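Everything on this sheet refers to the single structure shown next.
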Amino acid sequence: MKKLMNSPDTLLTESLRGFSAAHSGLVTVRLDPMFVTRADAPRKGKVALVSGGGSGHEPMHAGFVGMGMLDAACPGQVFTSPTPDQIVAAIEAVDGGAGVLLIVKNYAGDVMNFEMAAEIAEGAVETVLTNDDVAVEASTHSQGRRGVAATVIVEKIVGAAAERGDDLAALKALGEAVNAGSGTMGVALTSCTVPAVGRPTFDLAEDEMEMGIGIHGEPGRRRVAMMTADAIAKEIVGAVVEDVKLAKGEEVLLLVNGMGGTPLLELYGLYDAALRTCGDHGVAVARSLVGNYCTSLDMAGASITLTRLDGEKAALWDAPVHTAAMRW
Amino acid sequence: MKKLMNSPDTLLTESLRGFSAAHSGLVTVRLDPMFVTRADAPRKGKVALVSGGGSGHEPMHAGFVGMGMLDAACPGQVFTSPTPDQIVAAIEAVDGGAGVLLIVKNYAGDVMNFEMAAEIAEGAVETVLTNDDVAVEASTHSQGRRGVAATVIVEKIVGAAAERGDDLAALKALGEAVNAGSGTMGVALTSCTVPAVGRPTFDLAEDEMEMGIGIHGEPGRRRVAMMTADAIAKEIVGAVVEDVKLAKGEEVLLLVNGMGGTPLLELYGLYDAALRTCGDHGVAVARSLVGNYCTSLDMAGASITLTRLDGEKAALWDAPVHTAAMRW
Amino acid sequence: MTTEPSEVASGDALVTALIGAVHDTILAHRDELCDLDRAIGDADHGHNMARGFEAVAAASDEIAALPFGKALQKIGTTLVMKVGGASGPLYGSALMAAGKAGEDAPTSLVEVVARLEAAVDAVKQRGKSDVGAKTMLDVLVPVTEALKAGPADPLATARGTAAEALEATRPMVATKGRAAFLGERSAGHLDPGARSSELIIDAVCDVVEGR
Amino acid sequence: MTTEPSEVASGDALVTALIGAVHDTILAHRDELCDLDRAIGDADHGHNMARGFEAVAAASDEIAALPFGKALQKIGTTLVMKVGGASGPLYGSALMAAGKAGEDAPTSLVEVVARLEAAVDAVKQRGKSDVGAKTMLDVLVPVTEALKAGPADPLATARGTAAEALEATRPMVATKGRAAFLGERSAGHLDPGARSSELIIDAVCDVVEGR
Ligand SMILES: Nc1ncnc2c1ncn2[C@@H]1O[C@H](COP(=O)(O)OP(=O)(O)O)[C@@H](O)[C@H]1O
Ligand SMILES: Nc1ncnc2c1ncn2[C@@H]1O[C@H](COP(=O)(O)OP(=O)(O)O)[C@@H](O)[C@H]1O
Ligand SMILES: [Mg+2]
Ligand SMILES: [Mg+2]
Ligand SMILES: [Mg+2]
Ligand SMILES: [Mg+2]
């Protein structure tokens with residue numbers, strides 16, 4: 001394993017220190033316990049949005065802290081959910097008196113740690129669970145589905161609504177609606193390598209890929225021979241359209257998300273394929289996002305997310321945002 | 001080789017088509033000959049900035065087309081400079097009557113193709129050559145040095161000056177000053193793989209890295225055993241400070257640029273190391289940029305750039321920019 | 001029970017010994033736990049447990065100075081705060097609940113079982129899960145039940161039941177935790193949390209036996 | 001010269017044959033040219049040349065309908081517009097200059113040499129380079145000079161000189177083109193552009209010989 005780092009033990013702290021310095025006017029970074037807040041937190045009277053999860057998915061979540069998106073993010077160790085003390089400290093740092101909404105990806109560890117934090121924290125705390133990964137069928141596994149790239153979209157849209165002053169209940173309902181209207185599936189061309197582990201999480205032959213990969217390198221639907229961008233887009237978009245029950249003529253946001261090791265040249269090519277496939281399904285792509293947003297360390301691969309939009313959600317998507325990784 | 005694509009022959013066109021669709025309000029993409037312009041080109045009375053080069057360095061250059069930066073970009077085949085017809089067509093499409101400034105990285109192919117285009121094009125055309133790579137000593141090789149990541153900084157600062165109305169001669173002088181005040185060196189942990197070639201450009205053992213790598217996978221200063229982030233930052237920042245003759249107390253912009261296959265977690269860690277090393281040299285980091293800006297396909301690795309700033313250059317850096325890959 | 005816990009060591013000596021033994025076995029099996037987790041999870045279970053028990057071991061003196069029940073609670077909160085992931089809240093909640101079941105170190109098997117039952121309940125509640133989901137519960141529950149039956153040799157029973165129960169997780173299809181996302185593909189592998197539970201039970205038995 | 005160009009074929013037949021032969025040899029050596037470029041450049045020289053000569057071959061009929069000089073110019077502009085990289089402007093400028101040196105196909109070695117000299121000058125000017133920099137000029141210049149001396153067997157001389165000159169690029173340290181960035185590390189490898197020049201010269205000789 002080769003990584004740009006001093007050691008697996010110090011990587012996360014050093015990376016957060018670098019993040020803090022590079023975005024000093026925008027965010028405040030605390031290292032013990034670890035959390036990142038907006039520089040202007042707490043915002044009085046505004047519902048605070050707190051997210052977090054294992055590290056290794058950068059820019060998610062710390063890169064989304066700022067005006068119009070998250071008030072705080074709690075980075076756990078690589079691929080390990082943060083602990084309740086981090087989450088409680090973050091909640092306390094950003095609570096502006098209007099309540100706190102936790103945005104949590106549906107993994108046992110994240111769910112339990114955020115739950116413990118919510119039990120400890122004072123004040124009104126609600127949670128939105130994201131579970132947009134359509135690769136794993138919800139019905140057969142009682143853990144439910146994984147939360148992946150649509151988390152970014154939930155954070156953006158709910159963040160904009162929080163900024164305009166929506167209350168806690170409305171934000172929770174909005175977050176759940178955006179999540180329910182979203183579906184994602186990913187594909188890996190190579191495994192990620194966890195720094196502390198030092199070797200790839202799984203092995204893929206030179207002509208193989210994993211369809212339905214999770215963002216921690218968890219296996220997906222099946223291991224298959226390498227497919228073309230068109231075939232990948234066709235399978236993923238087809239699965240999402242079916243799962244989210246997108247009807248002809250409906251408008252969506254199309255996110256082509258890189259896993260960390262795949263260059264933009266390929267991501268835009270995949271976007272082109274996904275866009276054509278959306279056209280085949282009669283789905284209208286009204287908004288787009290292409291890039292590395294919800295990554296899996298150095299994994300080569302990508303995911304495709306479709307989120308159902310209506311006029312309000314589109315407007316909230318378009319609303320100004322000023323974070324390290326998303327700004328307009 | 002595994003890539004998200006349909007075929008090496010169609011990748012570039014499909015990627016540009018995707019780029020065009022994903023940023024339709026912002027840019028106009030022409031496919032024959034290939035070039036990308038601001039949607040609002042030509043801007044009357046404004047000097048037009050045109051850049052370009054081989055593809056595979058995304059988001060450079062098409063990702064920097066828009067308000068406050070480039071008026072046009074000409075993508076060549078992967079790692080192959082664009083041809084004069086593309087450049088001439090781009091010049092004609094964006095010329096607003098105040099002249100055109102070409103920003104060209106110092107590679108024989110780029111220099112010659114842009115030169116031929118400048119000879120053919122009508123109107124006032126000037127060129128700024130970037131050659132910030134300090135890995136290769138200028139004195140011993142008459143080709144001069146390679147232009148790498150500082151090109152992004154030249155495009156941003158000169159782009160802002162063009163937007164405020166500076167004339168062609170002033171912009172050329174400014175671009176040359178920014179370039180002269182910049183130094184970059186890169187390091188590769190893995191080779192890139194050119195889609196049409198299908199196998200890595202060079203081989204690196206599991207414990208080796210290439211210090212001083214070029215953005216096309218050209219070998220650099222030497223092949224060495226894997227180094228820590230601190231040691232890498234120390235060597236690169238030291239070489240740049242010496243080359244650019246940065247004095248104690250001078251202000252710089254510090255860019256930690258990913259090569260395409262290295263995740264943000266590591267880039268921010270390297271930024272932290274580079275920042276500390278700048279401190280050791282008494283150099284003050286006044287502005288920062290961390291991310292994938294001048295990449296080399298799927299190469300794992302990074303480069304570090306220092307650019308000397310003064311009040312005016314810092315203000316131009318801060319000036320609004322609205323492109324696909326850089327926006328504030 | 002051949003040896004009652006209180007006969008081996010009492011108060012802080014017992015706690016110190018327990019922390020030391022569990023810490024040792026977790027470190028010794030760190031890579032194995034990661035490998036098990038690599039097969040059906042995210043390859044970090046060994047690191048998570050090691051991070052937690054290193055923090056516990058670092059605070060060993062402070063913890064051992066507490067009454068037994070409070071010591072277990074402190075170990076629990078330390079795990080909750082240091083481990084993260086799924087195993088942190090689960091082992092943490094288990095130990096916090098076991099600690100709350102009484103101030104003094106158990107002096108009988110019945111008291112041991114009471115603490116185990118409190119721990120198991122906490123895991124079930126926190127994890128919204130039960131036996132058969134291919135988790136640590138598939139070791140913790142059978143061991144608790146076997147001890148509840150009042151076996152002649154509780155230590156041998158605990159060890160034997162844990163080993164069998166661990167092996168029984170192999171064919172299971174996970175329905176909780178990260179392995180659940182694998183569906184049928186989770187069968188054929190031991191559950192990492194079941195293995196760490198078995199290791200901890202073994203280490204506790206070692207201490208009780210005075211090894 | 002055993003066979004004068006005009007004796008083999010004149011007008012469009014010669015041009016068609018030249019385009020076909022060069023196109024064939026470039027495609028046949030595409031991977032080799034990329035490999036040479038991988039060692040000291042960016043691994044694309046074979047693809048660049050192939051892209052260029054495929055465009056030339058696709059326009060073969062149209063080009064062959066032009067007077068010889070105009071045909072060479074058209075090949076040159078096609079290369080400039082299709083190849084990109086360093087070799088595009090260089091080979092393109094070379095052929096444009098060679099084409100401008102006269103309307104009709106050369107009927108003597110002197111006329112061939114005049115075109116070659118024009119081509120070499122164009123490369124030098126466009127590339128701001130000269131012999132010794134480890135480039136295509138290290139093949140083109142020696143061949144031009146050898147032919148200028150009026151050898152008894154021009155074809156054999158051209159082939160032999162090109163092969164030797166190519167080999168002579170191996171120990172050179174590049175000072176122009178992408179390989180220059182390698183400094184001393186560029187020594188020990190053939191220059192890809194020198195190899196493509198040698199291939200083209202060979203192919204042209206084949207056509208002239210009527211093979
Ligand atoms: N809902 C649950 N109930 C009980 N045990 C669980 C549950 N979810 C996970 N586990 C246990 O936790 C173990 C994984 O722990 P660990 O790898 O440390 O956390 P993570 O899955 O977050 O990476 C699993 O092997 C399983 O035994
Ligand atoms: N300045 C120059 N003068 C003459 N020939 C050059 C010069 N620069 C490059 N070359 C030739 O071009 C060849 C490389 O062509 P190619 O690989 O197609 O372009 P690029 O270097 O842009 O990738 C080199 O091998 C060399 O022979
Ligand atoms: Mg984990
Ligand atoms: Mg090239
Ligand atoms: Mg795990
Ligand atoms: Mg080349």
Side-chain angles (χ1 to χ4, degrees), chain A residues 8-9 33 52-56 74-88 106-117 120 133 135-137 140-146 191-194 196-202 212 214-223 296, chain C residues 30-31 33-35 37-52 54-55 76-93 96 122-123 125-130 132-136 173-186 193:
Chain A
D9 299 334
S55 293
C74 305
Q77 296 297 313
V78 170
F79 290 179
T80 301
S81 93
T83 51
D85 54 335
Q86 298 175 253
I87 304 164
V88 170
N106 186 38
Y107 297 94
D110 294 79
V111 171
M112 289 188 272
N113 283 285
F114 275 89
E115 210 172 73
M116 293 192 86
I120 298 167
D133 193 334
V136 178
E137 305 300 325
T140 53
H141 307 295
S142 54
Q143 179 65 43
R145 309 199 308 195
R146 304 177 291 212
S191 172
C192 47
T193 297
V194 176
V197 176
R199 56 182 194 286
T201 302
F202 58 96
I215 57 170
H216 309 90
E218 311 98 307
R221 291 192 158 184
R222 59 186 202 286
R223 189 155 295 188
S296 182
Chain C
R30 178 183 187 136
D31 290 346
L33 292 173
C34 285
D35 284 342
D37 200 24
R38 175 175 306 108
I40 57 170
D42 61 352
D44 63 356
H45 187 56
H47 297 307
N48 292 345
M49 296 297 286
R51 189 167 53 247
E54 265 161 20
T77 53
T78 305
L79 293 179
V80 165
M81 295 313 181
K82 288 294 170 186
V83 176
S87 49
L90 291 171
Y91 279 120
S93 299
M96 283 158 64
V123 172
Q125 217 178 312
R126 179 60 63 202
K128 300 194 179 62
S129 56
D130 211 324
K134 194 178 181 115
T135 71
M136 56 177 71
V173 171
T175 55
K176 284 287 172 183
R178 209 175 282 279
F181 300 129
L182 276 176
E184 307 292 330
R185 289 161 76 174
S186 63

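Letters go in sequence order (proteins before strands), and every chain restarts at 1. These numbers come from a predicted model, not from an experiment.
- By number of non-hydrogen pairs under 4.5 angstrom with chain C, the leading residue of A:Gly217, A:Gly54, A:Ala196 is A:Ala196.
- With hydrogens and angles ignored, the 3.5 Å screen pairs no side-chain donor or acceptor of C:Ser93 with any backbone N or O of C:Leu90.
- Looking at A:Asn106, only its backbone comes within 4.5 Å of chain C, counting heavy atoms on both sides.
- With a threshold of 4.5 angstrom between heavy atoms, A:Gln77 approaches chain C through side-chain atoms but not through N, CA, C or O.
- With a 4.5 angstrom heavy-atom cutoff, A:Pro219 touches chain C via backbone and side-chain atoms both.
- The closest donor-acceptor contact from the side chain of C:Arg185 to the backbone of A:Arg221 lies under 3.5 Å.
- Per-residue counts of heavy-atom pairs under 4.5 Å with chain A were compared for C:Ile40, C:Asp35, C:Asp44, C:Asp37; the largest is that of C:Asp44.
- Residues C:Val83 and C:Tyr91 form no side-chain contact, since every pair of their non-hydrogen atoms from C-beta on lies 4.5 Å or further apart.
- Between A:Gly109 and A:Ser81, the closest heavy-atom pair is O-OG, 3.3 Å.
- Each of C:Ala179, C:Ala43, C:Gly177 has some count of heavy-atom pairs under 4.5 Å with chain A, and the biggest count is that of C:Gly177.
- Listed options C:Arg178, C:Lys128, C:Lys176 were ranked by heavy-atom pairs under 4.5 angstrom with chain A; first place goes to C:Arg178.
- Between C:Lys82 and C:Glu54 no salt bridge is recorded (no basic side-chain N to carboxylate O distance below 4.0 Å).
- Residue A:Pro8: no heavy atom, backbone or side chain, is found under 4.5 Å from chain C.
- The aromatic rings of A:Tyr107 and A:His216 lie perpendicular to each other, with more than 60° between the two planes, well past the 30° mark.
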